[in-house]
Undergrad: 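Got a structure for you, written out below as structure tokens; questions coming shortly.
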Amino acid sequence: MMMKSGVGATICPSVARCSPRGVVHLDENTSSLARGLLDAAPDAIVGVRADGRIALVNAQAERLFGYTREELHGEPVEILIPESGRRLHPHHRDSYLHDPQPRPMGAGMELAGRRRDGSEFPAEISLSAIESEDGLLITAAVRDVTDRKRTEAKFRGLLDSAPDAIVAVLSDGRIALVNAQAERLFGYSRDELHGQSVEILVPEAGRSRHPQHRERYFHDPRPRPMGAQMQLAARRRDGSEFPAEISLSALETEDGLLVSAAIRDVTDRLEAQAERERLRAQAERKRIEAQLHQSQRLESLGQLAGGVAHDFNNLLGVIINYTAFVGEVVATAAERDGGQWEAARRDIEQVQRAAERATQLTHQLLAFGRREVVQPRVLNLNDVVWDIEEMLRRTLGEHVELITLPAADPWPVFADAGQLEQVLVNLAVNARDAMPGGGKLTIDTSNILVHEDIAGDRPGLKAGRHVNLRISDSGSGMAPETVSRAFEPFFTTKRKGEGSGLGLATVYGIITQAGGHAEIFSDVGLGTTVSILLPAVDSVAATPEPIFDGAILTGGETILVVEDERAMREVTRRLLARNGYQVITAADGHRAVELAVSHPTEIHLLLTDVVMPQVLGRTVATLVRRHRPGIRVLFMSGYAYPVLAHNGTLDPGLTLLGKPFSEQMLLAKVRDVLDNPVEN
């Protein structure tokens, strides 16, 4: 930094004459006035002859160097120069005498002065030449810059202690200042960067556009981050690049506007952020995989449960109906003879009640596996809750308080009301068992709009309008490992004999079959909440269930029975034959087609099982109709999945008799199909 003011530095006083070379001429008339001006100058002024002897000093020079005028007059000027620079000083003086233009001394050098006491101080020195009667006089305006150097040192200390690299740039793009962190970050020294174009620190891909950005900022130099919403980068000396954050600010200096850029290498932060994102994505992936695995596991269990229910229902059909046959005989004997026959009748009743309970279990298995035939219609969930509220209060007992909080105007849903009532009963029973000492059970409904991001986290759940049915208890709650298995069939935390483990499994199957989503939130000691989301609908016409008045269930028509289970085939034949029907039987689909072709008289009804080896019942019906177009069809099955639509309803035009069935159920369904033919 060089001095910019001081007498004789760059001006020609009006009291003197100036030569074309800028040398000032003093005459006798003006010398006294000039001395007054010199003493008033804020800088120390020292006039030196060509031989290096001091000829002139002002009052400020006396104060600065500690000498009097008399002591300095005639002394070599080197007396005011530190010993380290005395040897070279005559050479510098001679160089100036060859071109005595006003200019700062020692450009780019650290200058210093020496006081009488030997102490030294940093100085700025400006030179000019004066023609006097005694010859050429070189004047040096000397300024002590100790305070400024101290301030600059503090400023540099602050800059160097900053955690960010700081690079200050002039309006023409030249680097004027850098701190220690900038040296470390970019790999250049201060001297290498000073005066260089700032584009040296910009990656090649962005260098051509950088001057435009710089000029735009100098036109509106407000503190702000650089390149908002952009991925910035900087370039090191070795050519490597790194991601950077850059903040800009402007400072007015005597050299003009100076823009400083605070630069931070964000490589570590971006890597840490990427690692966090990777871990978050990994955790999210594991969570979704766990949910998907649970969904797949439940789906597999549902398929297994459906298959078991199919075979079990065939067995139950045989047990129920043959027990009924025996029961009729025993009841007649008990009325006639009593005694042991009465005891046998009571035993048979126990068998029949056990068969009924087994039938309920198979229905629960089918509900879990979403293979149960449903009768959905447009529902208001508030109505479902109100219809069953009184039954729930009786189920819960006096020690559990039931609270219902219906939504003001819930959206309609399309579901089976009976199945939803079963859901509420199952959940109420579970809640009661979790609150042996009493508590509260709250049932509330609300409308919820499920967004794509929420639906994506839950397999099977679709975005859109849903109605939330929530059942919350204040009971003992469940541990996370219990919650993860709660929907599995036969999984239970109750003691042996206290539960089948099908309650929550049935809930899961019913809600999933209705296109909804069920989820459990629970923690030990904090109670349990089961959240059920059912998709909302606008309006769907519900198909009414046929009504049987039981007036006439017998008949004389011919029925072709197709059933691969021999015992079930025989019991079905017997039930129909003893009620007046003409029955022909087939053990498989191929035999059924042969009979359809060869039977000499009309066959009024095809009664076929749905699931059979080789040929399914649906295919049997198609093949038989080719030969007997007018035949009516009634399907029977304990596993109706192959003829169910996606929502669990029967495909249009199909009629199904569910297994196991009683004699009354069989006759009523047969009569309904024969009397009310439907185009299949």
Side-chain angles (χ1 to χ4, degrees), residues 302 304-330 347-375 416 418-419 422 489 500 502 506 509 545-546 548 550 553 559 561-579 581 583 585 587 605-613 616-617 633-644 648 650 654-673:
L304 175 63
V308 170
H310 168 257
D311 293 338
F312 197 41
N313 278 332
N314 276 338
L315 296 175
L316 284 174
V318 173
I319 292 171
I320 290 172
N321 288 291
Y322 276 105
T323 303
F325 295 157
V326 175
E328 291 174 1
V329 175
V330 172
D347 291 344
I348 290 173
E349 288 179 351
Q350 290 296 327
V351 173
Q352 290 174 323
R353 279 194 288 270
E356 290 173 1
R357 289 195 297 272
T359 300
Q360 292 174 354
L361 285 176
T362 59
H363 281 299
Q364 287 181 307
L365 282 173
L366 288 170
F368 164 73
R370 287 164 285 162
R371 271 66 176 171
E372 181 76 301
V373 181
V374 298
Q375 300 173 2
D416 187 309
Q419 286 197 324
Q422 184 180 353
S500 65
L502 286 172
T506 303
E545 179 69 8
F548 307 114
L553 299 180
I559 300 175
V561 175
V562 187
E563 169 64 62
D564 61 299
E565 289 286 341
R566 185 182 62 81
M568 191 65 202
R569 183 170 65 250
E570 177 56 26
V571 77
T572 305
R573 183 203 65 77
R574 185 169 170 180
L575 289 172
L576 292 171
R578 76 181 200 157
N579 285 279
Y581 292 100
V583 183
T585 62
L605 175 68
L606 170 66
L607 175 58
T608 179
D609 192 16
V610 171
V611 180
M612 296 182 295
L616 293 177
V633 178
L634 172 60
F635 292 102
M636 57 179 174
S637 183
Y639 181 72
Y641 191 64
V643 291
L644 294 182
L650 283 173
L654 298 184
T655 307
L656 180 71
L657 172 64
K659 294 179 182 179
F661 49 78
S662 65
E663 182 177 17
Q664 186 79 2
M665 292 169 60
L666 171 64
L667 297 176
K669 206 74 169 181
V670 166
R671 197 69 260 161
D672 178 68
V673 173

Undergrad: Compare all side-chain heavy atoms of R573 with those of Y581 and state whether any distance is below 4.5 angstrom.
TA: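 Of all side-chain heavy-atom pairs linking Y581 with R573, none is under 4.5 Å.
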Undergrad: Would you call T655 and V633 a side-chain contact if the rule is heavy atoms closer than 4.5 Å?
TA: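 Contact flag for T655/V633 side chains = no.
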Undergrad: Are V561 and M636 packed together at the side-chain level, in the sense that at least one heavy-atom pair is separated by less than 4.5 angstrom?
TA: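 Yes - at least one pair of side-chain heavy atoms lies under 4.5 Å apart.
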Undergrad: Before giving the answer on side chain to side chain contact (heavy atoms under 4.5 Å, CB included), spell out for L605 and V673 the whole-Å C-alpha distance, their side-chain angles and the decisive distance to 0.1 Å.
TA: CA-CA 8 Å; L605 175 68; V673 173; 3.8 Å; yes
Undergrad: With a 4.5 Å heavy-atom cut-off, do F661 and I320 have their side chains touching?
TA: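 No, their side chains stay 4.5 Å or more apart.
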Undergrad: Would you name the heavy atoms of M665 and G658 that are closest together and state the gap between them?
TA: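 Looking at all heavy atoms of both residues, the closest pair is CE-O, 4.4 Å.
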Undergrad: Under 3.5 Å, is there a donor-acceptor pair linking the side chains of D416 and Q422?
TA: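 Distance-only check fails for D416 and Q422.
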Undergrad: Kindly say whether P660 contributes a backbone atom to a donor-acceptor pair with the side chain of N321 at under 3.5 angstrom?
TA: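 Flag not set: sc N321 to bb P660 has no pair under 3.5 Å.
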Undergrad: Are L667 and L576 close enough, and set up right, to give a side chain to side chain contact (heavy atoms under 4.5 Å, CB included), and what steps lead you there?
TA: CA-CA 7 Å; L667 297 176; L576 292 171; 4.3 Å; yes
Undergrad: Quick check: closest heavy atoms across K669 and L656, and the distance to 0.1 Å?
TA: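 Heavy atoms of K669 and L656 come nearest at CE-O, 3.0 Å.
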Undergrad: Could you walk me through whether T585 and E563 pass the side chain to side chain contact (heavy atoms under 4.5 Å, CB included) test, one step at a time?
TA: CA-CA 8 Å; T585 62; E563 169 64 62; over 6 Å; no
Undergrad: Judged by atom type as modelled, is there a donor-acceptor pair below 3.5 Å linking the side chain of R671 to the main-chain atoms of L553?
TA: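 The answer is no, because no donor-acceptor pair under 3.5 Å joins these two groups.
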Undergrad: Determine whether L634 and L606 make a side-chain contact, defined as any pair of heavy atoms from C-beta on separated by less than 4.5 Å.
TA: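 A side-chain contact is absent here, since even the closest heavy-atom pair is not under 4.5 Å.
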Undergrad: When you look at E663 and R574, which way does the salt bridge (Lys or Arg N to Asp or Glu O under 4.0 Å) test go after all the steps?
TA: CA-CA 10 Å; E663 182 177 17; R574 185 169 170 180; over 6 Å; no
Undergrad: Can you check whether D609 reaches F635 side chain to side chain, under 4.5 Å on heavy atoms?
TA: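 Sidechains of F635 and D609: no contact.
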Undergrad: Heavy atoms only: give me the nearest V583-A577 pair and the separation to one decimal.
TA: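 The answer is CG2-N, 4.0 Å.
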Undergrad: Between E565 and K659, does any side-chain N to carboxylate O distance fall below 4.0 Å?
TA: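 Salt bridge: no.
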Undergrad: Are side-chain heavy atoms of M568 and V571 found at a separation under 4.5 Å?
TA: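 SC-SC contact between M568 and V571 confirmed.
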Undergrad: Just wondering, more than 12 heavy atoms not from R566 lying within 6.0 Å of its CZ?
TA: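 Atom CZ in R566 is not packed in, count stays at 12 or less.
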